[in-house]
Trainee: 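One structure, pasted below without further comment.
Labels below follow one simple rule: chain letters A, B, ... track the order of the sequence lines, proteins then strands, and each chain is numbered from 1.
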Protein chains: 2
Amino acid sequence: MSLSSLPEQIADRLRRDILRGDLAPGAAIKERDKAAHEGVSRTPMREAIRILAREGLVVLRPARSPIVADPSIKEVTDELVVMCELEVLSVRLACLHAPDDAVERIKSLNEQFGLEYAHRDMLDLFEMDMAFHRAIAAASGNAALERTHGAYLARLWRARYLSARERRSRDRVLTQHGAIVDALVARDPDRAAIATGAHLRDLVTNITAVMAGEDNSANETETRTRDTA
Amino acid sequence: MSLSSLPEQIADRLRRDILRGDLAPGAAIKERDKAAHEGVSRTPMREAIRILAREGLVVLRPARSPIVADPSIKEVTDELVVMCELEVLSVRLACLHAPDDAVERIKSLNEQFGLEYAHRDMLDLFEMDMAFHRAIAAASGNAALERTHGAYLARLWRARYLSARERRSRDRVLTQHGAIVDALVARDPDRAAIATGAHLRDLVTNITAVMAGEDNSANETETRTRDTA
DNA sequence: ATTGTCGATCTGGTATACCAAAATTGTTTG
DNA sequence: CAAACAATTTTGGTATACCAGATCGACAAT
């Protein structure tokens, strides 16, 4: 009995491995080996890899092993900018159209975050943060927006995870989320948009700083020119 | 020799068939038959179908033939709203960062559109319109934005195609594109954003009208509840 | 005549076998 | 000793065979 298909399950496992860093950026994913390792055949493994490729977590190279994506700072920043825009749109739409109980749910998510703040594991807190942002996208009532936003959220998991390790950034998150909730409750689209924009712009600077620090190697990902011998 | 892989070629062909309407919305795509018909095996056909599924052109159902997507008006509208936002962001960024030759290219694309306006087939004109919008996204210098915008453009091909058949909408497109180009050349982000927003909002109303007219049947796509007999 | 059930058949899911291109490595030669 | 070439091996791409679940029709019992 499977809630999701086998390829999706494999993709989920691989995604976790990639995002948690167990599979290093730049590492090759040999479909034969991986399939054998997971105890499945190549076909579903292949499909799982394609799923992650579409998500941008692995890059496919013609006639070569797929490798774990190793996005440059610019690429991550670009993605963050887009996600920011999507979330601002979400919160605007949510102000206008979201039913009250959706707003209430978002509010309670943030309150819960405040409560559990001290006790919980960083990873749990992080999941709660994700849930908060996801809830806002869902509250927009725009399914396409929710999907695309979710895709970006997933792709940026790792970068956001790195950023969230900074302790001082966490309470800033809390107050900023509070501001967003307030504007949402007041049904004030402009204020909500500003609050969301500020929150995500902070995230951009934070992530940029962290990535610049951690990762001094200049790395590219996409198509690189290859010289013939 | 293939510029793109076999599955992508198949996907391209299928996409054309779907978007042009040769494959009716709601029609089943049986991978065995289709593969035999195209003269390839099931594996690449399967992969091609998955590609289109990710693009939202076909929907996969568990243990059932994939079917051509038949989006409701709301779904299309939602997607248009998101694409609008993406393109507004694109044009803003393009105003700020695009190199002059990129702006020049956009300008010339629109001029060419104006020139060929009379002689060319509607399909060609449509392709040129697509190229215009794509060029703006590319000029943003944000690869993620360009990708996502391109995905929406592809998915909305059919709806836009239906809309473009209205003759009177076409010269409005021309003037609106002109306004966008002017703002872009002047490097005025706000004016460009407004012009782009207006253009796409017109598109939304136009498409809504066309779809509501053409297609009176209330159609859903995603999960529909199925009553047991 | 209608309805319930069983089974043939059709469909997608998975495993595997085969192929062609590319990397690597070992050997040979300058 | 180094560089270049060739064969082997490794890899992903494709085709196909097999399996399980679902659908739909036929037949039988009421």
Trainee: According to ring pair (Phe, Tyr, Trp, His ring centres under 6.0 Å), who are the partners of B:H133, at least two apart in sequence or on a separate chain?
Mentor: B:H177, B:H199
Trainee: Distance from A:D129 atom CG to A:D124 atom CG, nearest 0.5 Å?
Mentor: 12.5 Å
Trainee: Pick the nucleotide of DNA chain D nearest each of A:T43 and A:P66; which residue has the one closer to the 5' end?
Mentor: A:P66
Trainee: What is the separation between atom NZ on A:K30 and atom P on D:dT9, rounded to the nearest whole Å?
Mentor: 16 Å
Trainee: Looking only at side-chain N and O atoms, does A:S41 come under 4.0 Å of OP1 or OP2 in C:dA15?
Mentor: yes
Trainee: Going by the rule side-chain contact (heavy atoms from CB on, under 4.5 Å), which residues pair with B:R50 if we only count those two or more places apart in sequence or in a different chain?
Mentor: A:E47, B:R46, B:L60
Trainee: Let me know the distance between CD of A:E31 and P of D:dT10, rounded to the nearest Å.
Mentor: 16 Å
Trainee: Does a side-chain N or O of B:S65 approach OP1 or OP2 of C:dG12 to a distance below 4.0 Å, or not?
Mentor: yes
Trainee: For every nucleotide of nucleotides 17-22 of chain D, 5' to 3': is a protein heavy atom under 4.0 Å from its base (B), only from its sugar-phosphate (S), or from neither (-)?
Mentor: BB----
Trainee: In whole Å, I'd like the distance from the CD1 atom of B:I67 to the C1' atom of C:dT11.
Mentor: 15 Å
Trainee: Just how far, in rounded Å, is C1' of D:dG12 from NZ of A:K34?
Mentor: 17 Å
Trainee: Test of understanding: with side-chain hydrogen bond (donor to acceptor under 3.5 Å, both in side chains), list the residues that count as partners of A:D100, not counting sequence neighbours.
Mentor: A:R187
Trainee: Looking at residues 46-53 of chain B, who's got a heavy atom less than 4.0 Å off DNA chain C?
Mentor: B:R46, B:R50
Trainee: Within the structure shown, what part of the strands sits under 4.0 Å from B:P62 by heavy-atom distance: base, sugar-phosphate, or nothing?
Mentor: nothing
Trainee: Who are the side-chain contact (heavy atoms from CB on, under 4.5 Å) partners of A:A135, not counting sequence neighbours?
Mentor: A:R105, A:I106, A:L109
Trainee: For A:I29, report the nucleic acid contact type (base, sugar-phosphate, nothing); a contact means any heavy atom under 4.0 Å.
Mentor: sugar-phosphate
Trainee: For B:T205, give me all partners under side-chain contact (heavy atoms from CB on, under 4.5 Å), at least two apart in sequence or on another chain.
Mentor: none
Trainee: Determine yes or no for a side-chain-to-main-chain donor-acceptor pair under 3.5 angstrom, with B:N142 supplying the side chain and A:D78 the backbone.
Mentor: yes
Trainee: When the distance from CZ of A:R61 to C1' of C:dA22 is rounded to whole Å, what number comes out?
Mentor: 11 Å
Trainee: Ignoring hydrogens and angles, write down the donor-acceptor pairs under 3.5 Å from the side chains of residues 88-97 of chain B, residues two or more places apart or on other chains.
Mentor:
{"residue": "B:S90", "atom": "OG", "partner": "B:L86", "partner atom": "O", "Å": "2.9"}
{"residue": "B:R92", "atom": "NH2", "partner": "B:D190", "partner atom": "OD1", "Å": "2.4"}

Trainee: Nearest-Å distance, CE (B:M45) to P (D:dG13)?
Mentor: 17 Å
Trainee: Could you list the residues that satisfy side-chain contact (heavy atoms from CB on, under 4.5 Å) with B:S65, not counting sequence neighbours?
Mentor: B:A28, B:K30, B:R61
